[in-house]
Participant: 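Just dropping this structure here.
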There are 2 protein chains.
Amino acid sequence: MTELDTHGMLRGAGLRVTEPRRAVIEALSGLPHASADAVHARVSQSLPDVSLQTVYNVLHDLTGRGLARSIEPGDHPARYELRVGDNHHHLVCTHCGAIADVDCVVGQAPCLTPDDDHGYAVAEAEVTFWGLCADCRHAVVAPSPASVHL
Amino acid sequence: MTELDTHGMLRGAGLRVTEPRRAVIEALSGLPHASADAVHARVSQSLPDVSLQTVYNVLHDLTGRGLARSIEPGDHPARYELRVGDNHHHLVCTHCGAIADVDCVVGQAPCLTPDDDHGYAVAEAEVTFWGLCADCRHAVVAPSPASVHL
DNA sequence: TCCTTTTTTTGACTTCTTCAAATCACGGCT
DNA sequence: AGCCGTGATTTGAAGAAGTCAAAAAAAGGA
């Protein structure tokens, strides 16, 4: 198991080392693809006084310095991950919003060049796979109205 | 120029034909990638009493019946388009949210199969290219603080 | 034309996220 | 080791986008 060097990460990015920030990084490490709320809940276990606003601030700082990445799937709340810079994509559950990682599908830079860029300076290509996660397949598809038994 | 058969589209989808609905489809036809607000503004030119809520209702109905598609780019408000079922993707401006169409990049179904689907029933692959549109490149990048002249 | 069902309106409300001012604390410096 | 300035956190309020719900209006089949 790789030791998580929160101190080094923060200082390396030019950020001050504080308990809330270390706790957010640790939360994200244990909960990849967590929402701000989920991070807050996790952080609150060890630091009950950290506010949700602080979690938002920290997540904003981390993403701004490249230590974290935010994923904003459709109309689901934003989620955050520490995996950055390795060009991977996401499976998103249309029902519950759960997210899973997908390593780059076609070689290393899939679909990275549109044939016509319409004058845009393209910086990044993002691939999102939409579907039902295993849990929701069972919960949503399987029990038809008539077959549900409580 | 193809004539827009709003009546046929609606009836074909099992929806009643109403002025607000025809107007929304026409707005979308003239403004591809319009937000609900933009559609409402356009519709208001001919039908000033149509509420924003109605526009939301209509857009919801149209997307539900497959007549329109909604695009939800990151933290920008949702946008809508009539082009459906032709597997194209989008260039989104990170600064202003402008959207341009990109025809399918790699063959016909790019990156459509993740090697590991993590138990998800994948229904769709969405590719989004992020970058600066031509206007924003000039507005944001070009004028450095010192070189701006009012 | 009448009647049922679908649409539209109105207005309040939810959720996620950001803004702003005041307080607090990290950490470079002496 | 202690001070101080800048950067971090808290608090509380506000904002944007979209949804919910009940009542009024209109579409279109009989």
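Throughout, protein chains are lettered first and strands after them, A, B, ... in sequence-line order, and every chain is numbered starting at 1.
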Participant: Just call it for A:N57: base, sugar-phosphate, or nothing, with non-hydrogen atoms closer than 4.0 Å on any strand.
Facilitator: base
Participant: Ignoring hydrogens and angles, are the base of C:dC19 and the side chain of A:Q53 linked by a donor-acceptor pair under 3.5 Å?
Facilitator: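 Indeed there is one.
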Participant: Taking 5' to 3' order, which nucleotide of DNA chain D is first and which is last to have an atom within less than 4.0 Å of a heavy atom in chain B?
Facilitator: D:dA17 to D:dG29
Participant: Do A:E81 and A:H90 make a side-chain contact, defined as non-hydrogen atoms from C-beta onward lying under 4.5 Å apart?
Facilitator: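 The answer is yes; the side chains approach within 4.5 Å.
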Participant: So do B:H88 and B:R69 actually touch side chain to side chain, heavy atoms under 4.5 Å?
Facilitator: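 Sidechains of B:H88 and B:R69: in contact.
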Participant: Counting distance only, does the side-chain N/O of B:S29 pair as donor-acceptor with the main-chain N or O of B:I25 below 3.5 Å?
Facilitator: no
Participant: Output the rounded distance in Å from NE2 (B:H40) to C1' (C:dT10).
Facilitator: 13 Å
Participant: Please report, rounded to the nearest Å, how far the P atom of C:dT7 is from the CG atom of B:L59.
Facilitator: 14 Å
Participant: Please state how far atom CG in B:L10 lies from atom P in C:dT6, giving the value in whole angstrom units.
Facilitator: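 About 16 Å, once rounded to whole Å.
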Participant: What is the separation between atom OH on A:Y80 and atom P on C:dC16, rounded to the nearest whole Å?
Facilitator: 12 Å
Participant: Do A:D116 and B:L91 come close enough that some side-chain heavy atom pair is under 4.5 Å?
Facilitator: no
Participant: To 10°, what angle do the rotation axes through the five end pairs on each side of the helix from C:dT1-D:dA30 to C:dT30-D:dA1 form?
Facilitator: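 The angle separating the two end axes equals 30°.
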Participant: Tell me the interatomic distance from B:R21, atom CZ, to C:dT7, atom C1', rounded to whole angstroms.
Facilitator: 6 Å
Participant: Identify the pairs formed between an N or O of the protein and an N or O of nucleotides 27-29 of chain C at a distance under 3.5 Å, and give each distance.
Facilitator:
residue: C:dG27; atom: OP1; partner: A:V17; partner atom: N; Å: 2.8
residue: C:dG28; atom: OP1; partner: A:R11; partner atom: NH1; Å: 2.9

Participant: Is a salt bridge present between B:D103 and B:R83, judged by a nitrogen-to-oxygen distance below 4.0 Å?
Facilitator: yes
Participant: In whole angstroms, how far is the P atom of C:dT7 from the CG atom of B:D61?
Facilitator: 6 Å
Participant: Apply side chain to side chain contact (heavy atoms under 4.5 Å, CB included) to the pair A:F129 and A:V102, showing each step before the final yes or no.
Facilitator: CA-CA 9 Å; A:F129 299 95; A:V102 183; 4.2 Å; yes
Participant: For B:H60 and C:dT7, give me the distance from atom NE2 to atom P, rounded to whole Å.
Facilitator: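 Atom NE2 in B:H60 sits about 12 Å away from atom P in C:dT7.
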Participant: Pair A:L67, A:V84 - check side chain to side chain contact (heavy atoms under 4.5 Å, CB included), show working.
Facilitator: CA-CA 7 Å; A:L67 295 184; A:V84 291; over 6 Å; no
Participant: Check the pair B:R21, B:T6 against side chain to side chain contact (heavy atoms under 4.5 Å, CB included), reporting the backbone distance first and the verdict last.
Facilitator: CA-CA 8 Å; B:R21 283 176 174 167; B:T6 54; over 6 Å; no
Participant: Is any side-chain heavy atom of A:P73 less than 4.5 Å from a side-chain heavy atom of A:T128?
Facilitator: no
Participant: Using only heavy-atom distances, determine whether the side chains of B:H118 and A:D101 contain a donor-acceptor pair under 3.5 Å.
Facilitator: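 Short answer, no.
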Participant: Return the value, rounded to whole Å, for the distance between atom CG of A:L52 and atom P of C:dC19.
Facilitator: 15 Å
Participant: So, the side chain of A:H40 versus the backbone of A:Y56: is there a donor-acceptor pair under 3.5 Å, distance only?
Facilitator: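 Between the backbone of A:Y56 and the side chain of A:H40 there is no qualifying donor-acceptor contact (under 3.5 Å).
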